[in-house]
Asks: 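Have a look at the structure that comes next, please.
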Amino acid sequence: MKALILVGGFGTRLRPLTLSFPKPLVDFANKPMILHQIEALKAVGVDEVVLAINYQPEVMLNFLKDFEAKLEIKITCSQETEPMGTAGPLALARDKLVDGSGEPFFVLNSDVISEYPLREMIEFHKGHGGEASIMVTKVDEPSKYGVVVMDEATGKVEKFVEKPKLFVGNKINAGIYLLNPSVLDKIELRPTSIEKETFPKIAAAQGLYAMVLPGFWMDIGQPRDYITGLRLYLDSLRKKSPAKLTTGAHIVGNVLVDETAKIGEGCLIGPDVAIGPGCVVESGVRLSRCTVMRGVRIKKHACVSSSIIGWHSTVGQWARIENMTILGEDVHVGDEIYTNGGVVLPHKEIKSNILKPEIVM
Amino acid sequence: MGSSTEEKVVAVILVGGPTKGTRFRPLSLNIPKPLFPIAGQPMVHHPISACKRIPNLAQVYLVGFYEEREFALYVSAISNELKVPVRYLKEDKPHGSAGGLYHFRNLIMEDNPSHIFLLNCDVCCSFPLPEMLESHRKHGGIGTLLVIKVSPESANQFGELVADPVTNELLHYTEKPETFVSDRINCGVYVFTPEIFTAIRDVSTQRNDTVTLRRVSSYEALQPATRIPADFVRLDQDILSPLAGKKQLYTYETMDFWEQIKSPGMSLRCSELYLSQFRLTSPQVLASGDGTKSAIVIGDVYIHPSAKVHPTAKIGPNVSISANARVGPGVRLISCIILDDVEIMENAVVTNAIVGWKSSIGRWSRVQAEGVYNAKLGVTILGESVAVEDEVVVTSSIVLPNKTLNVSVQDEIIL
């Protein structure tokens with residue numbers, strides 16, 4: 001089976017992290033974002049993944065060689081020379097997705113994190129016999145998104161309504177599709193929107209069915225949602241493979257610690273914390289609701305909450321980092337410094353307090 | 001004996017490196033700061049052109065921490081253009097401002113130069129290098145510093161010095177003092193004789209031998225001793241300060257302009273200074289027009305030959321327009337730098353701003369700022385490929401590359 005992951009562009013909403021790496025390679029729960037999706041695809045028998053990108057292909061390709069070897073799955077890139085929207089990239093990658101077997105192919109949105117019930121989706125798709133299946137997820141505030149209006153019993157999709165003013169339903173497009181090759185015949189090779197052009201066509205022909213995504217769903221394309229997404233992900237990990245989480249007297253709630261990370265004495269870690277490879281957390285440190293990326297050192301007595309600490313950064317002794325502080329790569333926060341929502345670009349030293357949310361270039 | 005025609009001169013220009021000057025962001029996210037255009041030419045071009053006026057210039061070295069490939073194209077182009085060999089040397093690790101010079105002493109001395117100029121790339125001034133050399137020859141000594149008088153309030157941002165008004169000898173030098181020492185400051189342009197290398201080497205060996213007898217605060221005394229490596233030699237603290245008052249160093253005062261280009265806003269100010277200098281030294285470089293065949297030009301304006309400016313536009317004062325930019329009908333540009341491939345559509349206004357490569361400015365939109373060059377948001381900066389949609393106003397803001405603005409913004413940094 002084949003799959004296409006829509007990686008798209010510059011990842012500007014995840015800056016400053018995406019100033020150091022293209023978005024799919026930014027780590028989430030100690031793994032590059034895109035690896036979560038590739039692993040889920042591999043698990044249901046996908047043998048080739050095509051990444052639709054339009055930014056920094058050279059950087060991506062280097063990493064992909066590594067993943068290809070480790071996962072034994074073929075990974076290729078389909079490069080957009082101009083932004084092709086959400087459907088155009090499928091047409092662009094046509095030759096790679098259609099192998100003559102008639103099998104449907106997956107399309108995933110790279111910003112999305114979820115439990116990826118892909119096997120169930122394959123069953124669902126076979127069951128209804130329609131041309132296309134999409135995952136939908138229930139949200140509290142549907143008007144922020146595009147709502148999928150569907151028959152609750154059969155899942156057949158009636159129509160899409162973009163940011164509806166009145167309540168028409170509470171299911172939104174979760175960005176996971178399973179499509180028959182015939183769908184590609186309906187997509188022209190130009191910038192196109194799959195929700196505005198392709199899916200409505202298929203829905204009108206009674207061929208589009210929606211499956212409600214069991215478990216969590218999050219678009220982690222921006223820092224606030226990234227932090228919430230980690231909580232949901234770790235929650236799900238607790239239910240599915242609790243052995244992967246760390247336990248101990250110094251651990252509270254769901255915490256993921258890479259085996260190469262070191263944690264000192266007298267720390268209190270958690271809930272909802274991910275600590276990446278090679279990190280050093282010195283003694284007396286408090287971490288909650290935060291991501292600590294590869295190679296970070298958190299010095300003694302520091303306190304970090306609701307923040308993201310970028311690769312190879314350091315947090316000084318007694319420093320307090322909180323309220324959506326995002327440190328880019330190689331940022332060094334001095335001893336005793338307080339930052340409240342500071343967003344710091346790579347290769348900086350923070351020697352004075354950041355009292356209110358501010359961008360430090 | 002007067003200067004023989006065989007006496008060669010080598011110039012060394014310190015260009016810095018990528019993780020050092022974060023003050024020049026967001027422009028430095030796309031291009032090394034030394035290559036950023038000021039008055040239509042890369043920043044480093046201005047000191048290099050000034051070096052060309054030195055008699056018997058044998059070689060120009062650019063020394064920095066950038067990767068060689070970032071400067072490869074530029075050095076070969078400029079070597080051809082100026083008919084002087086220009087070479088980029090990458091420092092493998094920080095050696096300090098004097099240590100870097102020392103590290104490459106063998107290369108520098110290859111041509112057996114009688115004098116070596118040391119310049120900082122981000123200094124904007126008239127570079128009176130031949131005059132400095134002549135003045136230095138009269139004094140003898142190891143070196144001559146370019147100095148300028150500034151306002152007493154601003155002096156403590158720099159190296160303050162005291163010079164003998166008659167002999168011009170450097171009597172006293174101190175870097176960024178807390179109390180007022182002098183209103184004469186170090187411009188960051190020097191000429192040395194090869195004896196400078198001996199002086200730098202002596203500092204290294206001395207550091208190995210003696211203990212630093214400097215008064216430390218009780219807090220510092222409690223810190224684990226951070227030993228500066230022996231080959232890390234700073235020009236200001238380790239050479240200029242100790243040698244002051246020993247009849248080794250002299251000063252040459254400039255009465256012209258002097259600025260440092262540390263922030264993007266300052267590049268706009270320095271563009272203005274260099275453009276007004278072109279008015280005096282090479283006015284043919286500047287643009288002119290009266291609205292008939294070409295756009296109305298007010299004051300000092302540079303327009304690259306490949307740029308297209310509509311005749312109904314009004315440009316200036318203090319505007320630089322780079323290659324392949326397109327300025328549409330009825331556009332007004334005041335005090336701005338328009339980089340390569342920018343498209344500015346009808347009736348838009350840009351003032352006190354820097355518009356990044358390939359950006360597009362929509363019809364009737366307005367990109368503006370107060371024009372306070374040193375303030376964080378004093379000049380609006382649009383990074384590479386920023387799109388400002390029709391009728392949108394961008395005020396006192398910084399926008400990182402690849403963003404589209406479809407609503408007006410003010411006093412914001414947009415990542």
Side-chain angles (χ1 to χ4, degrees), chain A residues 8-23 26 53-56 58 80-83 221-224 226 299 308 310-313 316-317 324-332 334-336 341-352 354 356-361, chain B residues 16-33 65-66 69 94 219-220 222-224 226 262-266 354 356-360 374-387 396-406 409 411-415:
Chain A
F10 310 103
T12 62
R13 287 178 306 157
L14 255 190
R15 285 174 173 162
L17 301 173
T18 46
L19 291 176
S20 299
F21 290 96
K23 190 175 55 168
V26 171
I53 56 179
N54 66 18
Y55 186 61
Q56 293 193 317
E58 332 74 48
E80 301 164 41
T81 44
E82 49 155 353
Q222 50 189 353
R224 182 171 301 276
Y226 179 107
K299 295 193 182 166
I308 303 175
W311 311 265
H312 305 293
S313 293
Q317 294 186 37
M324 293 296 305
T325 290
I326 319 284
L327 304 184
E329 181 188 15
D330 185 43
V331 170
H332 305 278
D335 292 347
E336 300 158 25
V343 175
V344 185
L345 264 64
H347 312 296
K348 296 290 298 182
E349 273 188 38
I350 304 296
K351 299 192 230 191
S352 53
I354 301 173
K356 49 185 173 61
E358 139 184 4
I359 296 174
V360 178
M361 290 224 288
Chain B
T19 54
K20 288 181 176 297
T22 61
R23 274 182 288 178
F24 206 67
R25 287 174 173 172
L27 300 172
S28 54
L29 292 176
N30 280 103
I31 195 174
K33 183 172 112 173
F65 296 92
Y66 294 97
R69 61 179 151 75
Y219 174 73
E220 278 180 286
L222 288 171
Q223 301 309 301
T226 41
K262 295 293 187 197
S263 63
M266 280 309 290
I354 299 177
W357 311 259
K358 305 198 199 92
S359 291
S360 75
N374 265 320
K376 185 158 132 179
L377 297 176
V379 168
T380 287
I381 319 277
L382 305 185
E384 186 184 31
S385 298
V386 167
S396 304
S397 296
I398 296 178
V399 184
L400 257 63
N402 305 113
K403 300 296 293 190
T404 297
L405 299 181
N406 45 27
V409 294
D411 293 312
E412 269 192 63
I413 298 179
I414 299 184
L415 286 191

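Protein chains get the first letters and strands the later ones, always in sequence-line order, with residue 1 at the start of each.
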Asks: Would you name the heavy atoms of A:Thr12 and B:Asn402 that are closest together and state the gap between them?
Replies: CG2-O, 4.0 Å
Asks: Grab the two heavy atoms, one from A:His347 and one from B:Thr22, that are nearest each other, plus how far apart they are.
Replies: O-CG2, 3.5 Å
Asks: Using non-hydrogen atoms and a 4.5 Å limit, figure out which bit of B:Ile398 sits close to chain A: side chain, backbone, both or neither.
Replies: side chain
Asks: What distance do A:Leu345 atom CG and B:Leu400 atom CG have between them, rounded to the nearest 0.5 Å?
Replies: 6.5 Å
Asks: Non-hydrogen atoms of chain B under 4.5 Å away: do they reach the side chain of A:Leu14, the backbone, both or neither?
Replies: neither
Asks: Testing the basics here: between A:Met361 and B:Pro26, what is the closest heavy-atom pair and its distance to 0.1 Å?
Replies: CE-CD, 3.6 Å
Asks: Which residues satisfy the salt bridge (charged side-chain N to carboxylate O under 4.0 Å, His left out) test with A:Glu329, sequence neighbours excluded?
Replies: none
Asks: What distance separates B:Lys376 NZ from A:Glu358 CD, expressed to the nearest 0.5 Å?
Replies: 4.5 Å
Asks: If I compare all heavy atoms of B:Ile413 with all of A:Ile359, which pair ends up nearest, and what's the gap?
Replies: O-CD1, 3.2 Å
